[in-house]
Amino acid sequence: MPAPDVGPVAGSKPMNECIPHGAKVNRFTGTFFSLMFTLLLSMTLFFAGCGGGSLGGSLERVEASVKSLNNAVQGATECIQALNGFDFENAAFLSDAMSAVRTGQDLVQAAGQALEDLSSIDYRGKLMRLGELVSEFVPNAREALDEVSIFYQDMEAILLAVRPLLEEEATITQLDIPQNQSEWRERLERLRRAVEMTIQSLGGLTVDPILSSYRSYFLELSLALEKVVDNIIDRLPLADIREDIGISAEFGRVQELLDAYPSLAEGLKGKLMIFSLDHSLGEIELEINRLYMESGS
């Protein structure tokens with residue numbers, strides 16, 4: 001037989017008032033932390049791009065590496081521009097070219113470190129497409145950096161070899177016309193010594209095939225200039241001290257070589273792999289931007 005419903009016992013409290021206060025606080029706290037955990041888990045799943053790092057953090061690392069590699073490309077461009085400035089009357093050429101070479105070397109070293117960092121990132125998940133682009137890019141970039149590093153080393157060696165000639169020519173072009181035959185002879189003999197030093201240095205220099213024609217150019221120019229100087233010295237004393245270097249039959253060859261230099265320097269750009277990296281770097285940058293837009297960053 002069912003127990004009779006006798007209703008609430010006199011003096012009793014409602015059920016919710018019977019729950020201890022601490023128990024209600026614990027229930028609220030548990031609910032709050034549960035919601036927070038769910039929110040954080042959702043954010044982690046959204047932003048996680050790879051092995052333990054956030055999507056944003058991984059993209060920042062890739063972006064920094066790409067910037068370093070772009071700097072290396074720009075450094076090579078500025079080096080070619082500095083080399084284009086060669087002229088016997090340009091006293092700043094040697095210092096500008098050496099500065100560009102050494103800056104380029106520093107940028108290549110930084111780019112090499114950036115390339116290693118680029119290779120160490122885990123591209124699973126949302127970064128999979130970016131990882132495919134990077135995996136295709138890294139071997140070519142590594143080869144290009146190795147090549148341009150050798151280029152800088154050899155170019156520095158060539159510039160050091162021709163420094164005696166360039167410095168002496170730069171000095172002569174800034175001087176007034178000789179006042180007498182002895183002064184003229186002294187200048188020519190100093191120039192000849194500088195030419196001989198340059199010929200000797202270039203003759204004993206071995207460089208990468210990329211720069212073999214560049215080394216040969218300065219060697220040929222030095223040999224032609226040596227003949228010009230010898231010819232003038234042999235004809236001293238001159239009837240007219242104001243007669244210029246053009247009295248030598250070899251001067252025409254020197255002028256031909258000087259006229260050919262711009263195309264030689266610009267041609268170096270087509271030989272270096274580093275300039276072919278622009279397209280791949282652009283694709284990687286586009287993918288980085290897409291991922292940023294997708295994440296709302």
Side-chain angles (χ1 to χ4, degrees), residues 66-115 141 143-174 191 194-195 197-199 201-203 205-225 254-279 281:
V66 168
K67 181 179 179 180
S68 183
L69 287 154
N70 274 321
N71 288 342
V73 176
Q74 181 61 29
T77 300
E78 292 175 0
C79 181
I80 298 298
Q81 290 173 347
L83 293 172
N84 274 325
F86 167 66
D87 190 300
F88 281 138
E89 295 184 3
N90 180 9
F93 165 73
L94 185 61
S95 60
D96 290 346
M98 289 293 288
S99 176
V101 165
R102 288 167 180 168
T103 298
Q105 289 173 322
D106 292 340
L107 292 173
V108 165
Q109 184 176 2
Q113 295 170 353
L115 198 61
E143 185 177 355
L145 291 180
D146 289 343
E147 179 189 69
V148 78
S149 180
I150 294 172
F151 168 84
Y152 286 135
Q153 292 172 16
D154 288 350
M155 179 57 72
E156 183 175 17
I158 292 173
L159 292 173
L160 289 173
V162 299
R163 181 164 64 181
L165 170 59
L166 297 182
E167 288 181 341
E168 191 59 40
E169 276 285 358
T171 299
I172 290 175
T173 56
Q174 296 177 59
L191 178 57
V195 171
M197 291 173 61
T198 295
I199 291 172
S201 296
L202 289 172
L205 191 61
T206 301
V207 298
D208 188 78
I210 288 177
L211 282 176
S212 60
S213 60
Y214 195 81
R215 183 200 71 90
S216 297
Y217 170 86
F218 274 104
L219 181 57
E220 185 176 358
L221 178 63
S222 299
L223 289 168
L225 189 57
V254 171
Q255 193 57 54
E256 286 177 7
L257 287 167
L258 292 175
D259 292 341
Y261 179 82
S263 60
L264 173 71
E266 192 60 32
L268 294 173
K269 193 170 184 178
K271 296 180 179 181
L272 291 169
M273 287 182 61
I274 194 167
F275 295 110
S276 68
L277 299 181
D278 279 335
H279 178 70
L281 285 169

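Residues Q105 and Q153 have side chains in contact (heavy-atom distance under 4.5 Å, counting atoms from C-beta outward). The shortest side-chain heavy-atom distance between F151 and D208 does not fall under the 4.5 Å cut-off. Residues T198 and L219 form no side-chain contact, since every pair of their non-hydrogen atoms from C-beta on lies 4.5 Å or further apart. Annotation: side chain of L225 is not in contact with side chain of L257 (no heavy-atom distance under 4.5 Å).
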Would you be so kind as to tabulate the donor-acceptor pairs closer than 3.5 Å made by side chains of residues 267-276, with sequence neighbours excluded?
unit_1, atom_1, unit_2, atom_2, d
K271, NZ, S213, OG, 3.3
S276, OG, M273, O, 2.5

Exercise for review: Could you please spell out the steps behind the side chain to side chain contact (heavy atoms under 4.5 Å, CB included) verdict for E147 and I210?
Suggested key: CA-CA 9 Å; E147 179 189 69; I210 288 177; 3.4 Å; yes
Exercise for review: Could you please spell out the steps behind the side chain to side chain contact (heavy atoms under 4.5 Å, CB included) verdict for L160 and M98?
Suggested key: CA-CA 9 Å; L160 289 173; M98 289 293 288; 3.8 Å; yes
Review point. Which is it for Q255 and L258 under the side chain to side chain contact (heavy atoms under 4.5 Å, CB included) test, yes or no, and what are the steps along the way?
Key: CA-CA 5 Å; Q255 193 57 54; L258 292 175; 4.3 Å; yes
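Nearest heavy-atom pair, E168 versus L191, reported as atom, atom and distance to 0.1 Å: CG-CA, 3.8 Å. The shortest non-hydrogen separation linking D96 to A82 is O-CB, 3.9 Å. For A194 against P164, the heavy-atom pair with the smallest separation is CB-O, 3.4 Å.
Each salt bridge (charged side-chain N to carboxylate O under 4.0 Å, His left out) pair with one or both residues in residues 148-160, not counting sequence neighbours, appears once here: R102-E156. Applying the salt bridge (charged side-chain N to carboxylate O under 4.0 Å, His left out) test to pairs two or more places apart or on separate chains, none has a residue in residues 85-94. Contacts classified as ring-ring contact (aromatic ring centres under 6.0 Å, His included) and involving residues 152-171 (residues at least two apart or in different chains) are not found.
Of the candidates V73, V108, L107, V148 forms a side chain to side chain contact (heavy atoms under 4.5 Å, CB included) with just one, namely V108.
Annotation: the span from I199 atom CD1 to M197 atom CE amounts to 12.0 Å, rounded to 0.5 Å. Taking CG of D259 as the reference point, atom CD of E256 lies at 8.0 Å (rounded to 0.5 Å). Here the straight-line distance linking atom CG of L165 with atom CG of L94 works out to 10.5 Å at 0.5 Å rounding. Between the CG atom of L159 and the CG atom of L166 there is a distance of 8.0 Å, given to the nearest 0.5 Å. From E220, atom CD reaches atom CG of L202 across 12.0 Å, with rounding to the nearest 0.5 Å.
Taking the salt bridge (charged side-chain N to carboxylate O under 4.0 Å, His left out) definition, one finds that E143 meets it with nothing, sequence neighbours left out. Residues that satisfy the ring pair (Phe, Tyr, Trp, His ring centres under 6.0 Å) test with F86, not counting sequence neighbours, are F88, F93, F218, Y261.
Looking at Q74 and N70, their side chains never bring a donor and an acceptor atom within 3.5 Å of each other.
A distance-only check finds no donor-acceptor pair linking the side chain of S149 to the backbone of D146 [under 3.5 Å]. In this structure, R215 contributes its side chain and I158 its backbone to no donor-acceptor pair below 3.5 Å.
Within 6.0 Å of CD on E167 lie more than 12 heavy atoms contributed by other residues, nucleotides or ligands.
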